[in-house]
Amino acid sequence: MSSGGIRGLTGFRDFFPEELALRRHIFSAWRRVGARYGFTEYDGPPLEALELYTRKSGEEIVGQLYEFEDKGGRAVALRPEMTPTFARMIAARAAGLPKPVRWFSIPQLFRYERPQRGRLREHFQLNMDIVGETNPLADAEIISAGIDALRELGLGAADIVVRISDRRLIGALLDAHGISAEDHVPVFGALDRLEKEGEDGVRGRLAEYGVEKEVATRLLAAIRQPLEELAAAHAGDEAVAAAADRLSTVFAHLDATGFADFVRFDAGLVRGLAYYTGTVFEIWDRRDELRAICGGGRYDDLLKALGGVDLPALGFGMGDVVLTELLRDRGLAPDAARRVDDYIVCVSDAERPLALGLARALRDRGRRVLYDLRPRGVGRQFKAAHQAGAGRAIVLGPQEVERGVAVLRDMASGEEREVAIETLAGPRPDETRGEEVR
Ligand code: HAM
């Protein structure tokens with residue numbers, strides 16, 4: 001509870017220092033991977049015109065919008081996802097950007113969802129997107145980047161799995177089973193619920209769109225097949241063959257990259273968002289205990305719809321909420337115990353001026369330094385040094401100071417030795433030709 005009895009809003013997080021340490025750990029891993037893949041970082045506004053989302057994101061997200069009218073009477077919404085902003089920004093500069101564009105961002109997003117494990121009303125999301133490339137190498141590249149964003153945090157093929165499909169393949173399958181094009185999007189939506197609602201639930205939904213029972217049975221059987229079998233079963237169908245071929249190429253590239261253990265074909269995966277046009281994928285924890293960590297795909301028509309420039313694009317969003325749970329669960333959260341390097345202990349108040357000067361000199365050199373803010377006994381000061389996780393204590397006592405020395409105690413081993421005070425801080429970094437003093 002916060003001051004005055006006012007609670008934080010449901011589904012919104014306070015980041016206490018330990019939580020912020022984990023968030024920063026995740027973000028810096030994401031940024032390292034972004035840089036390694038040659039992506040540059042961008043950001044946009046957290047508030048956008050409502051229309052940016054109602055045009056293309058699809059029912060599910062639109063139903064979860066934090067939308068309101070601003071004081072100027074404009075219909076606005078807090079961003080529930082980054083892709084429309086990204087598309088708008090790319091469209092604004094499209095002509096001048098060398099292709100393919102590789103950009104990443106780590107926005108905070110807002111969705112009015114029912115808060116539950118892994119789903120809140122705000123979350124951060126790594127977005128990595130490529131614009132201007134239709135070749136399947138781009139699809140493999142973006143999926144590899146997603147895998148690496150998790151490998152960088154210590155997760156391996158035993159922890160996570162990427163489920164991959166292609167809407168063109170599912171679309172061609174629907175055509176092959178006589179489901180008309182205008183029903184594809186709702187049928188995609190029904191199939192997307194297979195994991196959540198089971199076959200019976202999906203059958204019920206398909207019946208609502210007029211899909212006959214027997215067709216539904218064949219369709220559900222088809223999407224359970226491995227890619228080769230599915231392609232073989234529809235050998236005469238050109239559209240299915242072309243889509244299957246393309247997807248096989250993506251898998252071959254991922255195999256060559258060394259990520260075969262991380263990926264699997266799942267024809268039942270279609271993704272909830274309306275704008276995907278090709279490859280779609282999601283990353284899940286292997287034990288299937290949590291919600292999806294990451295979701296993405298190809299959206300070759302969105303830039304045209306939102307910005308009027310006809311450029312193919314693809315990318316993913318990786319959320320921090322499920323990932324945080326997974327890292328904690330696997331013991332991969334960083335140890336935040338060590339807060340400071342040096343704790344300066346004063347035996348009497350007479351050493352205070354020396355301690356202050358020494359602290360400043362050490363901090364100038366980048367060391368993390370603490371000392372008591374009021375006079376206390378030496379024992380209490382050592383206790384505080386322990387609590388702060390100090391690496392070493394620098395003890396300044398009247399007799400030692402007389403001789404120009406301090407006692408240096410290694411806080412882990414308890415070992416002590418005397419050192420000349422004037423050498424304690426060492427040379428300043430600018431006097432060491434860039435060498436770091438740590
Ligand atoms: P999305 O599947 O809606 O895709 O979200 C991607 C990931 O964000 C999810 O897998 C999940 O980890 C996280 N996420 C989404 N909603 C919540 C929530 N309420 N609470 C916690 N985490 C959440 C997109 O947003 C697409 N715009 C991604 C994309 C980028 N596609 C292409 N480029």
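Counting starts at 1 for both ligands and their atoms, following the listed order. Owing to the predicted nature of the structure, the values given are computational and were not obtained by experimental measurement. By convention here, the first residue in the shown sequence is residue 1.
- The distance between the ring centers of Tyr37 and Phe104 does not fall below 6.0 angstrom.
- Distances from ligand 1 to the non-hydrogen atoms of Phe124 include no value under 4.0 Å.
- Residue contacts with ligand 1, taken as heavy atom pairs separated by less than 4.0 Å, do not involve Phe86 at all.
- Ligand 1 has an N or O atom lying under 3.5 Å from an N or O atom of Ile293, backbone or side chain.
- Arg363 places a side-chain N or O within 3.5 Å of a backbone atom of Val369 that can act as its donor or acceptor partner.
- Interface of Glu113 with ligand 1, defined as ligand atoms under 4.0 Å from a residue heavy atom, comprises 16 (N), 17 (C), 18 (C), 19 (N).
- Judged purely by atom type and a 3.5 angstrom limit, Arg111 has no side-chain atom pairing as donor or acceptor with the backbone of Gly63.
- In this structure, Arg271 is part of the shell of residues with a heavy atom less than 4.0 angstrom from ligand 1.
- Rounding to the nearest 0.5 Å places OH of Tyr299 at 10.0 Å from CG of Leu306.
- Looking from atom 32 (C) of ligand 1 to the surrounding protein, the closest heavy atom is Gly315 O, 3.2 Å.
- Remark: minimum distance from atom 11 (C) of ligand 1 to any protein heavy atom is reached at Ala292 O, 3.5 Å.
- The side-chain heavy atoms of Phe382 and Tyr343, taken from C-beta on, include no pair separated by under 4.5 Å.
- The shortest separation from a heavy atom of Met82 to ligand 1 is not under 4.0 Å, leaving the residue out of contact.
- Side chain of Asp300 to backbone of Thr277: no donor-acceptor contact under 3.5 angstrom is found.
- Atom 28 (C) of ligand 1 has its closest protein heavy atom at Gly317 N, 3.4 Å.
- Remark: minimum distance from atom 30 (C) of ligand 1 to any protein heavy atom is reached at Thr83 OG1, 3.2 Å.
- The closest approach between Tyr276 and ligand 1 falls below 4.0 Å for a heavy atom of the residue.
- Residue Arg119 touches ligand 1 through backbone and side chain together, judged by heavy-atom distances below 4.0 Å.
- Cation-pi geometry between Arg151 and Phe259 is not met: the NZ or CZ atom fails to fall both under 6.0 Å from the ring centre and inside 45° of the normal.
- Remark: Arg121 is positioned above the aromatic ring of Tyr112, its terminal NZ or CZ atom under 6.0 angstrom from the ring centre and at most 45 degrees off the axis.
- Between Tyr42 and Phe86, the two ring planes are tilted [angle within 30° to 60°].
- Only the side chain of Asn127 comes within 4.0 Å of ligand 1, counting heavy atoms alone; its backbone N, CA, C and O stay farther away.
- Glu228 places none of its side-chain heavy atoms less than 4.5 Å from the side chain of Phe265.
- Heavy-atom distances between Gly118 and ligand 1 reach below 4.0 Å in at least one pair.
- Residue contacts with ligand 1 for Phe110 are absent, since no atom lies close enough (heavy atoms, distance under 4.0 Å).
- Residue contacts with ligand 1 include Leu120, since one or more of its heavy atoms lies under 4.0 Å from the ligand.
- Of the protein's non-hydrogen atoms, Gln125 NE2, 2.9 Å is the one closest to atom 8 (O) of ligand 1.
- Close contacts between ligand 1 and Tyr275 involve ligand atoms 26 (C), 27 (N) [criterion: under 4.0 Å to a heavy atom].
- Neither the backbone nor the side chain of Pro80 comes within contact range of ligand 1; no heavy atom lies under 4.0 Å.
- Shortest contact from atom 33 (N) of ligand 1 to any protein heavy atom: Asp129 OD2, 2.8 Å.
- Of the protein's non-hydrogen atoms, Arg111 NH2, 2.9 Å is the one closest to atom 25 (O) of ligand 1.
- Taking 4.5 Å as the limit, every side-chain heavy atom of Glu133 sits out of range of all side-chain heavy atoms of Arg102.
- When side chains are defined from C-beta on, Leu356 counts as touching Tyr371, because their heavy atoms get closer than 4.5 Å.
- Looking at atom 24 (C) of ligand 1, its nearest protein heavy atom turns out to be Leu273 CD1, 3.5 Å.
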- [ ] Could you please spell out the steps behind the side chain to side chain donor-acceptor pair (under 3.5 Å) verdict for Arg167 and Tyr276?
- [x] CA-CA 7 Å; Arg167 280 207 177 170; Tyr276 293 113; over 6 Å; no

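- Residue Val321 has at least one heavy-atom neighbour below 4.0 Å for each of these atoms of ligand 1: 21 (C).
- The CG atom of Leu323 sits 8.0 Å away from the CG atom of Leu22 when rounded to the nearest 0.5 Å.
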